[in-house]
Peer 1: 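Right, I'll just put the structure down here and ask away after.
Note that this is a predicted model, so its numbers are computed, not measured.
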Amino acid sequence: MVSVGPELISPRSARVSAARRLARRNFRGKERLFLAEGPQAVREAAAHRTQDTATLVELFTTPEAAERYADIVGAARDAGARVHLASDEVVADISTTVTPQGLVGVCRFLDTPFEEILAARPRLVAVLAHVRDPGNAGTVLRCADAAGADAVVLTDASVDLYNPKAVRASVGSHFHLPVAVGVPVERAVTGLRDAGVRLVAADGAGDRDLDEELDKGAMGGPTAWIFGNEAWGLPEETRALADAVVRVPIHGKAESLNLATAAAVCLYASARAQRAAGGSRSVTES
């Protein structure tokens, strides 16, 4: 058994109450803390640092999880997090999932100033404009991470990055790439364009076809994909800000693709085109 200190019995403990309140957006914003649940997210949180500051602040773990994931608990302790051995009832009370996995971490906010993202001269960016569903936002973040994107930007009309459902859906990708939040869409477009990035809006009714754009070599340069709300897409005023409005071709009988699937197709298309143009985007390549 990993030595982690006294067991917390009561869900009414002050520390438990403070952690439980982080399920609410106003408390997250006030404390600039959020919850990361499950072994994958907690593992990534324990390994993450911003400059000289550890991201993981506290970890609540059941006795069973402490034994099963002793390496994660040890990494959390090594990172300087306060580790609390808690009852199943306590962890379930903090958790926002139906079937908790026994580990809940309290983490510092991770967002990066938009100016820092621009200064890094990104080549592949996902911009989430008007995305309201937290599961979609987290999954697009995961897709961007997998495709090797340099950053993700959430506009001020989009969902909270630290919503527990968004954190779960990202499966640890919150801790892998810079994310700017609360950026007005006009500012996002202007800043990225000034940084030499082409703005491409993904829209099922786009006047350009992704396959045709790839065939003519139009996707090999620095690109920011703008993704909108799954239910109603991008507003006309947002589409008008883009350099191109591109649709993913539907070759079969499906009516459309959901947001996360379309984002994966678009981001991987750009990543492949950029590799072909001479800039490797894959972390697995030598």
Peer 1: Please step through side-chain contact (heavy atoms from CB on, under 4.5 Å) for the pair Q101 and V42, ending with a clear verdict.
Peer 2: CA-CA 11 Å; Q101 295 179 274; V42 172; over 6 Å; no

Peer 1: Taking the side chain as every heavy atom from C-beta outward, state whether L177 and L141 have any atom pair closer than 4.5 Å.
Peer 2: yes

Peer 1: State, yes or no, whether a side-chain contact exists between R15 and V106 at a heavy-atom distance under 4.5 Å.
Peer 2: no

Peer 1: Are V131 and L154 grouped together when hydrophobic residues (ILVMFWY) are joined by side-chain heavy atoms under 4.5 angstrom apart?
Peer 2: yes

Peer 1: Would you find a donor on one side and an acceptor on the other, under 3.5 Å apart, between the side chain of S158 and the backbone of H130?
Peer 2: yes

Peer 1: Distance-only, no hydrogens or angles: does the Y268 side chain make a donor-acceptor pair with backbone N or O of A146 under 3.5 Å?
Peer 2: yes

Peer 1: Is there a side-chain contact between L22 and F34 in this structure, where contact means two heavy atoms from C-beta onward sitting under 4.5 Å apart?
Peer 2: no

Peer 1: Compare all side-chain heavy atoms of N26 with those of R21 and state whether any distance is below 4.5 angstrom.
Peer 2: no

Peer 1: Which donor-acceptor pairs under 3.5 Å do the side chains of residues 241-250 make with protein atoms, sequence neighbours left out?
Peer 2:
unit_1 : atom_1 : unit_2 : atom_2 : d
D243   : OD1    : R193   : NE     : 3.2
D243   : OD1    : R193   : NH2    : 3.0
D243   : OD2    : L199   : N      : 2.8
R247   : NH1    : G206   : O      : 2.8

Peer 1: Compare all side-chain heavy atoms of T50 with those of R108 and state whether any distance is below 4.5 angstrom.
Peer 2: no

Peer 1: Determine whether P63 and E67 make a side-chain contact, defined as any pair of heavy atoms from C-beta on separated by less than 4.5 Å.
Peer 2: no

Peer 1: Run the numbers on V73 and V83 for side-chain contact (heavy atoms from CB on, under 4.5 Å), then give the verdict.
Peer 2: CA-CA 8 Å; V73 174; V83 180; 3.9 Å; yes

Peer 1: Does the side chain of Y162 come within less than 4.5 Å of L33's, by heavy atoms?
Peer 2: no

Peer 1: Has T61 got a side-chain atom pairing as donor or acceptor with A66's backbone, closer than 3.5 angstrom?
Peer 2: yes

Peer 1: What's the separation between atom CD in E186 and atom OG1 in T238, rounded to the nearest 0.5 Å?
Peer 2: 7.0 Å

Peer 1: Would you confirm whether R82, through its side chain, and V57, through its main-chain N or O, come within 3.5 Å as a donor-acceptor pair?
Peer 2: no

Peer 1: Taking all non-hydrogen atoms of both residues, which atom of L161 and which atom of V167 are closest, and how far apart?
Peer 2: O-CG2, 4.1 Å

Peer 1: Using a strict cut-off of less than 4.0 Å between a Lys/Arg side-chain nitrogen and an Asp/Glu carboxylate oxygen, indicate whether K216 and E212 qualify as a salt bridge.
Peer 2: no

Peer 1: When clusters are formed by joining ILVMFWY residues with side-chain heavy atoms under 4.5 Å apart, either directly or through shared neighbours, do V159 and I226 land in the same one?
Peer 2: no

Peer 1: Taking all atoms of both residues into account, what is the closest heavy-atom pair of F175 and C107, and its distance?
Peer 2: CZ-SG, 4.2 Å

Peer 1: For residues V152 and A144, report the shortest heavy-atom separation together with the two atoms involved.
Peer 2: CG2-CB, 3.7 Å

Peer 1: For atom CZ of R168, is the number of surrounding heavy atoms from other residues, nucleotides or ligands below 6.0 Å larger than 12?
Peer 2: yes

Peer 1: Let me check something: do V189 and V153 share a hydrophobic cluster, defined by ILVMFWY side-chain heavy atoms less than 4.5 Å apart, either directly or through other members?
Peer 2: yes

Peer 1: Using salt bridge (charged side-chain N to carboxylate O under 4.0 Å, His left out) as the criterion, list what pairs up with E255, not counting sequence neighbours.
Peer 2: none

Peer 1: Where is the tightest heavy-atom contact between S270 and M219, given as atom of each residue plus distance?
Peer 2: OG-CE, 3.5 Å

Peer 1: Just verifying a value: how many Å separate F60 CZ and D93 CG, rounded to the nearest 0.5 Å?
Peer 2: 10.5 Å

Peer 1: Count I, L, V, M, F, W, Y as connected when their side-chain heavy atoms are under 4.5 Å apart, and connections chain through other members. Are L192 and V185 then in the same cluster?
Peer 2: yes

Peer 1: Could you walk me through whether R272 and L214 pass the side-chain contact (heavy atoms from CB on, under 4.5 Å) test, one step at a time?
Peer 2: CA-CA 9 Å; R272 182 178 179 86; L214 289 167; over 6 Å; no

Peer 1: How long is the gap from CD on E89 to OG1 on T62, to the nearest 0.5 Å?
Peer 2: 13.0 Å

Peer 1: Are the side chains of V171 and E44 in touch, meaning some heavy atoms are under 4.5 Å apart?
Peer 2: no

Peer 1: Output yes when a side-chain donor or acceptor of S173 lies under 3.5 Å from a complementary backbone atom of H176, and no otherwise.
Peer 2: no

Peer 1: Can you tell me how far apart CG (L267) and CH2 (W225) are? Round to the nearest 0.5 Å.
Peer 2: 8.0 Å

Peer 1: In the single-linkage hydrophobic clustering (I, L, V, M, F, W, Y; side-chain heavy atoms under 4.5 Å), do F227 and V181 co-cluster?
Peer 2: yes

Peer 1: Can you name the nearest heavy-atom pair linking Q274 to G220, along with the distance?
Peer 2: CG-O, 3.4 Å

Peer 1: With the threshold set at 4.0 Å, does a side-chain nitrogen-carboxylate oxygen contact exist between E213 and R198?
Peer 2: yes

Peer 1: To check you understand the geometry: which heavy-atom pair defines the closest contact between I117 and P178, and what is its length?
Peer 2: CG1-CB, 4.0 Å

Peer 1: Any side-chain donor-acceptor pair under 3.5 Å between S17 and R20?
Peer 2: yes

Peer 1: Report the distance from atom CG of N136 to atom CG of N258, rounding to the nearest 0.5 Å.
Peer 2: 7.0 Å

Peer 1: Quick one: does any side-chain atom of R28 pair with a main-chain N or O of A23 as donor and acceptor, under 3.5 Å?
Peer 2: yes

Peer 1: Give, for atom CZ of R142 and atom CG of D145, the distance between the pair rounded to the nearest 0.5 Å.
Peer 2: 9.5 Å

Peer 1: Report the C-alpha distance between R32 and D111 in whole Å, list the side-chain angles of each, state the deciding distance to 0.1 Å, and finish with yes or no for salt bridge (charged side-chain N to carboxylate O under 4.0 Å, His left out).
Peer 2: CA-CA 10 Å; R32 288 192 61 79; D111 41 287; 3.5 Å; yes

